[in-house]
Amino acid sequence: MKHIAAVQAVVTADEYDREPTAAELDAIAVETPLILAEVELLDVRIALMDRTPSELDTRRLRKALHRVLSERAALANRATAGEAA
């Protein structure tokens, strides 16, 4: 059985086989603080899954949640300020 396939790279190149554009990298850089805050919150939640939270654990959880909410608000404000400018 013969397989029929394109020989040229331009024809077979997938759009996902390319490097990110500068705009995409900028968007990732803008969202990085929120992503890091969400990872921190996830780490805290995972750590608390198998034990009863102490007072310190509860504060750590509240702090991580507060950071996520603050970063979401900051990201929303930047997006709104960018649209208004």
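Both Leu34 and Leu69 sit in one connected hydrophobic cluster of ILVMFWY residues. Membership requires side-chain heavy atoms under 4.5 Å apart, directly or through other members. Taking hydrophobic clusters as Ile, Leu, Val, Met, Phe, Trp and Tyr residues chained together by side-chain heavy-atom distances below 4.5 Å, Leu75 shares a cluster with Leu65. The hydrophobic clustering, which links ILVMFWY residues whose side-chain heavy atoms are closer than 4.5 Å, places Ile28 and Val68 apart.
Sorted by first and then second residue, the salt bridge (Lys or Arg N to Asp or Glu O under 4.0 Å) pairs involving residues 23-37 (not counting sequence neighbours) are Arg18-Glu24.
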Carefully, step by step, assess Asp57 and Arg51 under the rule side-chain contact (heavy atoms from CB on, under 4.5 Å). CA-CA 10 Å; Asp57 292 332; Arg51 67 176 189 228; 3.1 Å; yes
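Side-chain contact between Arg72 and Glu38 is present, with heavy atoms from C-beta onward closer than 4.5 Å.
Interatomic distance, OG1 of Thr58 versus CD of Glu55, reported as 7.5 Å (0.5 Å rounding).
Remark: Leu61 engages Leu41, Val44, Arg45, Leu48 in a side chain to side chain contact (heavy atoms under 4.5 Å, CB included) (not counting sequence neighbours). The salt bridge (Lys or Arg N to Asp or Glu O under 4.0 Å) test applied to Arg67 returns Glu40, not counting sequence neighbours.
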